[in-house]
Amino acid sequence: MIETILYYPLSRDRLIDLLSSSGEEEKALFDYSTATKLKNVGNEVYLRGLIELSNICDKDCFYCGIRKSNNNITRFTLKYEEVIESVKYAYEKGYGSIVIQSGERSSRSFSDKIDKIIRESKKITNNNIGITLSCGEQSEETYLRWFESGADRYLLRIETSSEELYKKLHPKDTLHNYTNRRNALELLRKTGYQLGTGVMIGLPFQTTEMLADDLIFMRDLNIDMCGMGPYIEHTKTPLYKFREQLPITTVRLSLALKMISLSRILMPDINIAATTALKVLDQKATEKAIAIGANVIMPNITPLFYRKEYLLYENRSEPLFSFEDELALLEKRLETISHRIGYNKQGNSKHYTKNWSRCIPE
Ligand code: SAM
């Protein structure tokens with residue numbers, strides 16, 4: 001029997017304790033978040049077909065493989081037609097939503113291209129496909145333009161809510177400013193998007209206290225979606241030299257799962273993604289994350305040819321089979337934890353639909 005009293009209210013100290021839990025205590029935490037999840041969002045898992053639009057990035061984040069200064073990769077941008085083909089594919093296969101993710105750029109031609117993709121994607125799917133954008137910090141005008149063209153959600157990770165740690169992970173300039181990123185999240189909320197954020201877990205210099213603060217940050221920001229995952233090292237980045245400080249794989253995985261579990265308890269009706277980075281640590285990480293709190297999966301539908309160049313981190317597991325087989329396999333894996341895919345559903349955040357009068361389908 002799991003005692004609700006153990007989890008409400010969740011003080012900062014209690015969060016720190018639970019993030020450090022193991023054995024029976026960790027199991028009790030996972031049992032509680034599983035029950036919270038089933039009660040609030042059920043056992044349906046929503047699909048977002050992930051399209052990695054471009055690895056060209058103006059930023060130079062110390063942890064990221066597609067950072068501007070990494071000269072060891074071939075830069076690419078998908079052609080407009082290739083993106084639209086991927087959207088058609090997603091729609092035909094029953095993906096209710098797509099995510100367009102990209103290295104960050106703020107040129108007019110970049111914003112025009114995204115705008116055209118949003119409009120056409122809605123048009124060819126009779127407005128049925130849900131669109132999440134993850135294209136970094138943009139001006140208020142651009143956020144509004146994309147929203148008015150039909151984008152439904154925006155994911156912008158704060159990366160860490162600790163300004164002190166943020167400064168250690170980024171160059172010191174206006175392009176990598178903590179306050180600007182924080183303000184961008186406010187702009188997105190004001191614009192009307194379903195708002196998503198998240199953090200990296202297991203970073204060098206990161207403490208359990210910082211992770212507890214990340215959870216409180218996300219709750220207080222009143223987010224609709226959360227996409228967070230473990231930090232995975234990349235040899236061609238400045239942060240690589242601190243790899244000795246990283247928690248071992250099993251500890252990083254357990255920490256990531258506890259962050260998901262606690263997010264579900266703190267924010268029962270939001271959408272939480274089982275992110276791709278988890279799979280680098282454990283082949284079964286997706287099922288584990290779904291079982292204890294996540295309810296969104298983002299299979300990669302970027303044309304295979306480009307995927308090897310979108311390496312945010314190394315050891316990324318790429319499917320060798322066709323996308324169709326990937327969904328069949330996913331269905332089987334989800335069956336083992338009594339979950340099913342919500343085909344043809346946008347899978348909007350319940351938290352958002354409850355709080356906004358705008359009528360959007362679940
Ligand atoms: N440029 C956009 C932005 O800033 O939101 C979106 C693309 S960015 C590459 C997507 C996310 O990848 C980042 O928010 C970051 O959390 C994650 N990422 C980058 N490098 C990573 C690494 N080494 N390990 C895990 N996640 C990483």
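Numbers here are sequence positions counted from 1. Start at 1 and go down the list; that is how both ligands and their atoms are numbered.
Contacts of Met200 with ligand 1, taken as heavy-atom pairs under 4.0 Å, involve the side chain alone. Contacts of Pro230 with ligand 1, taken as heavy-atom pairs under 4.0 Å, involve the backbone alone. At a heavy-atom cutoff of 4.0 Å, ligand 1 is contacted by both the backbone and the side chain of Cys64.
For Glu52, the heavy-atom gap to ligand 1 stays at 4.0 angstrom or more. Not close to ligand 1: Ala277, with no non-hydrogen atom less than 4.0 angstrom away.
The pair Lys258-Glu26 counts as a salt bridge, with a side-chain nitrogen and a carboxylate oxygen less than 4.0 angstrom apart. Ion pair Lys288/Asp282 flagged as a salt bridge, since at least one NZ, NE, NH1 or NH2 atom sits closer than 4.0 Å to an Asp/Glu carboxylate oxygen. Ion pairing of Lys116 with Glu120 is absent here, as no side-chain N (NZ or NE/NH1/NH2) approaches a carboxylate O to less than 4.0 Å. Between Asp115 and Arg145, at least one side-chain nitrogen of the basic residue sits less than 4.0 Å from a carboxylate oxygen of the acidic one, meeting the salt-bridge criterion. A salt bridge links Lys345 to Glu44: at least one charged side-chain nitrogen sits closer than 4.0 Å to a carboxylate oxygen. We find that Asp224 and Arg153 are not joined by a salt bridge, their nearest charged nitrogen and carboxylate oxygen being 4.0 Å or further apart. A salt bridge links Glu104 with Lys59; the closest basic N to acidic carboxylate O contact falls under 4.0 Å. Taking 4.0 Å as the cut-off between side-chain N and carboxylate O, Arg67 and Asp60 count as a salt-bridged pair. A salt bridge does not link Glu92 to Lys88: none of the charged nitrogens lies less than 4.0 Å from a carboxylate oxygen. A salt bridge does not link Lys113 with Glu82: every distance from a Lys NZ or Arg NE/NH1/NH2 to an Asp or Glu carboxylate oxygen is 4.0 Å or more.
For ligand 1, one of its N or O atoms has an N or O atom of Ile232 under 3.5 Å away. Below 3.5 Å of separation, one finds no N or O of Glu233 facing any N or O of ligand 1. For a threshold of 3.5 Å applied to N or O pairs, the pair formed by Tyr310 and ligand 1 contains no separation below that value. At least one N or O atom of Glu159, backbone or side chain, sits closer than 3.5 Å to an N or O atom of ligand 1. Where the criterion is an N or O separation shorter than 3.5 Å, residue side chain and backbone included, Tyr63 meets it with respect to ligand 1. For ligand 1, one of its N or O atoms has an N or O atom of Ser102 under 3.5 Å away.
Within a 4.0 Å radius of atom 5 (O) of ligand 1, the protein has at least one heavy atom.
Against a heavy-atom cut-off of under 4.0 Å, Gly136 is close to the following atoms of ligand 1: 2 (C), 3 (C), 4 (O), 5 (O). Near Glu104, meaning under 4.0 Å from any of its heavy atoms, are these atoms of ligand 1: 1 (N), 4 (O). Within the listing of ligand 1, atoms 3 (C), 4 (O), 5 (O) sit less than 4.0 angstrom from a heavy atom of Arg181. Remark: ligand 1 atoms within the under-4.0 Å shell around heavy atoms of Ser134 are 6 (C).
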Discussion item. If you apply the rule side-chain hydrogen bond (donor to acceptor under 3.5 Å, both in side chains), what do you find for Ser161 with Asp214, and how did you get there?
Written reply: CA-CA 5 Å; Ser161 65; Asp214 289 340; 2.5 Å; yes
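Nearest non-hydrogen protein atom to atom 10 (C) of ligand 1 is Gln101 NE2, 3.8 Å. Closest protein heavy atom to atom 12 (O) of ligand 1: Leu312 CD1, 3.3 Å. Among protein heavy atoms, the minimum distance from atom 17 (C) of ligand 1 is reached at Arg157 NH1, 3.6 Å.
Under the 6.0 Å cut-off for aromatic ring centres, Tyr231 and Tyr63 do not qualify, their centroids lying 6.0 Å or more apart.
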